[in-house]
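Worksheet: the structure to be examined is printed underneath.
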Amino acid sequence: MNAVRTAIVIGGGIAGPVTALALRKSGIEATVYEAYRDTADGVGGTLMVAPNGLDALGLVGVDLTGIGQPIRSMVMTDGGGRRFGTFSGLADAPPSLVTWRADLYRVVRERAEALGVPVVYGRRLVGVEEAADGVSARFADGTEAAADVLVGADGIRSTVRTLIDSAAPAPQYTGLLGFGAYSKYDVPGAAADAMYFAFGKRAFLGYWPVPGGGTAWFSNLTHAESLTAQEARATPSAEWMRVLREKVAGDVPGRDLLRGTGDDELLSIGGMEILPPIPRWHRGRMVLVGDSAHAPSPSSGQGASLAAESGVQLARCLRDLPDVGTAFAVYEQLRRERVEKVAAYAAKTNGQKSMGPLATTLMTLLMPLATRTFMKPEKMFGWMHRHRIDWDQTVSATSGHE
Ligand SMILES: Cc1cc2nc3c(=O)[nH]c(=O)nc-3n(C[C@H](O)[C@H](O)[C@H](O)COP(=O)(O)OP(=O)(O)OC[C@H]3O[C@@H](n4cnc5c(N)ncnc54)[C@H](O)[C@@H]3O)c2cc1C
């Protein structure tokens, strides 16, 4: 039984409220502090929650049934719309769900608030004071808060990460900018529960049919420097659309999907970044969860799912282990190998999105053979999607070594 009774959770994205809910379930009182005043800030676009993420969210009572669209298979096509690979989900796991990011954020925060977990908006962490028996947070508005531990769930550009280790590596730009939009075009023959990955001659496009009509799509452009979402939006979306239309001009259905999208409907997400493995996940009474500790490339479709898993595992460790240092160390042991394996897998997928025409042609030629032989869904996703956390199992000091 741990002596921790209270926690400050910095960040009201996904990891923050999920961790706070899991801490509450462990008997620890947690308050979430979110920098933005407005809950919708910077959370445009869509994201996929994989079966492992759905399971971790379920452990804290977050149910996405009403907001997510099930995706049962992933279909790879070439620039002419010809299929060259199909990956079905695991037969014994629920389908992944694709959802609007804003909906996912809303649902986890609503769940936290419904269970009495306070979420305080407009509090940007700027510093901490550490003591032997507690930690206090200093916010940009001059206010402070104190607790037994402080959890940094403050995203890929985490302040807590640099407070733990001022030399921590910074996020790295993948060389790709992200874009997404809705098109009123319906792709003939597209299955309602499939996500399509179209590798065109000059651009990659992902898409899926939206219930009620039309198609959601996302794409990337290679770009020398990274841009924040705000910087990307400083370029008129008509200009980005012009470049994207040019890139998919010879591709089916990319050409038609972009024709069916109004210029002002494009969402520029900015540079896609990954966090390289960081040496320190915790120090003293401070610890990291979610993107602040491990942000795989968005291509993994695992960022939110891993964030939920980490929040739940941290709470189990604080519930069962005798002191803060041991709890944080075992939490890191339970998580590090898995999140780094997902990140390495995602890095490969990113490479495919920025392939040149020759490499794309080779991939479309080799993939049918590969999918019949070694590229089986079980082998590719089984280890990632089948991961389940046993909430009731007691964590011991050696749990991370099992
Ligand atoms: C384009 C794109 C597509 C993606 N697609 C997918 C996908 O399909 N599937 C998937 O699982 N993941 C996807 N991801 C990744 C996913 O969005 C993240 O992994 C997930 O949001 C991580 O949650 P988090 O709570 O750790 O961080 P965030 O969601 O970034 O939340 C961090 C929160 O902390 C707040 N904050 C920051 N600094 C401070 C501070 N100093 N004080 C107080 N609050 C602060 C922020 O305002 C924010 O609300 C995608 C990401 C991008 C960019």
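By convention here, the first residue in the shown sequence is residue 1. Remember, it's 1-based here, ligands and their atoms both numbered in the order they're listed.
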Within the structure, does G303 bring an N/O atom to less than 3.5 angstrom of an N/O atom in ligand 1? yes

Side chain proximity check, M272 to L177, heavy atoms < 4.5 angstrom: no

SB check E29 R24 (cutoff 4.0 Å): no

For D154, is there an ion pair with R124 - N to carboxylate O distance below 4.0 angstrom? no

Any idea which atoms of ligand 1 are less than 4.0 Å away from a heavy-atom of R123? 42 (N), 43 (C)

Do L64 and I67 touch side chain to side chain, with heavy atoms closer than 4.5 Å? yes

One residue to check: S300. Relative to ligand 1, which of side chain, backbone, both or neither has a non-hydrogen atom less than 4.0 Å away? neither

If we set the cut-off at 4.0 Å for heavy atoms, which region of D291 has an atom near ligand 1: side chain, backbone, both, or neither? both

Salt bridge check: are D92 and R386 linked by an N-O gap of less than 4.0 Å? yes

Do R245 and R255 touch side chain to side chain, with heavy atoms closer than 4.5 Å? no

In ligand 1, the atoms that come under 4.0 Å of a heavy atom of G290 are 26 (O)

Give a yes/no on ligand 1: does Y105 have at least one heavy atom closer than 4.0 angstrom to it? yes

Y33 heavy atoms within 4.0 Å reach ligand 1 at atoms 43 (C), 44 (N)

Looking only at distances, can you tell me whether any N or O atom of A304, backbone or side chain, sits closer than 3.5 Å to an N or O atom of ligand 1? yes

Polar proximity ligand 1 side, I269 side, N/O cut 3.5 Å exclusive: no

Under 4.0 Å, heavy-atom basis, I'd like to know which part of D154 is in contact with ligand 1: side chain, backbone, both or neither. both

Could you tell me whether Y196 and W208 have their ring centroids closer than 6.0 angstrom? no

Taking distance alone, with no angle check, do A15 and ligand 1 share an N/O pair under 3.5 Å? yes

For S305 and ligand 1, answer yes if some heavy atom of the residue is under 4.0 Å from a ligand atom, otherwise no. yes

Proximal candidate to atom 17 (O) of ligand 1 [heavy atom criterion; set E34, R124, R101, Q302]: R101

Does any N or O of ligand 1 fall below 3.5 Å from an N or O anywhere on A35, backbone included? yes

Does F139 approach ligand 1 within less than 4.0 angstrom via side chain, backbone, both or neither, non-hydrogen atoms only? neither

Checking R233 against Q230: is there a side-chain donor and acceptor pair closer than 3.5 Å? no

G301 heavy atom under 4.0 Å from ligand 1: yes

Is L125 touching ligand 1 with its side chain, its backbone, both, or neither, if touching means heavy atoms under 4.0 Å apart? both

With side chains defined as the heavy atoms from C-beta onward, is the minimum distance between E113 and P17 less than 4.5 Å? no

Salt-bridge test for R123 and D141: reply yes if a basic N is under 4.0 Å from a carboxylate O, no otherwise. yes

Is any NZ, NE, NH1 or NH2 atom of the basic residue among K341 and E337 found under 4.0 Å from an Asp or Glu carboxylate oxygen of the other? no

Under 4.0 Å from one or more heavy atoms of Y36, ligand 1 contributes atoms 47 (O)

Tell me whether ligand 1 is touched by A153 - counting only heavy atoms on the residue side and a distance under 4.0 Å. yes

Salt bridge or not between E332 and R280? Use side-chain N to carboxylate O under 4.0 Å. no

Which of the atoms of ligand 1 are close to G155, meaning less than 4.0 Å from one of its heavy atoms? 27 (O), 30 (O), 32 (C)

Taking atom types as modelled and ignoring hydrogens, do the side chains of D103 and T99 form a donor-acceptor contact shorter than 3.5 angstrom? no

Ligand-residue contact atoms, ligand 1 with G11, heavy atoms, under 4.0 Å: 33 (C), 34 (O), 35 (C), 44 (N)

For the 3.5 Å polar cut-off, considering only N or O atoms, please tell me whether M48 and ligand 1 meet it. yes

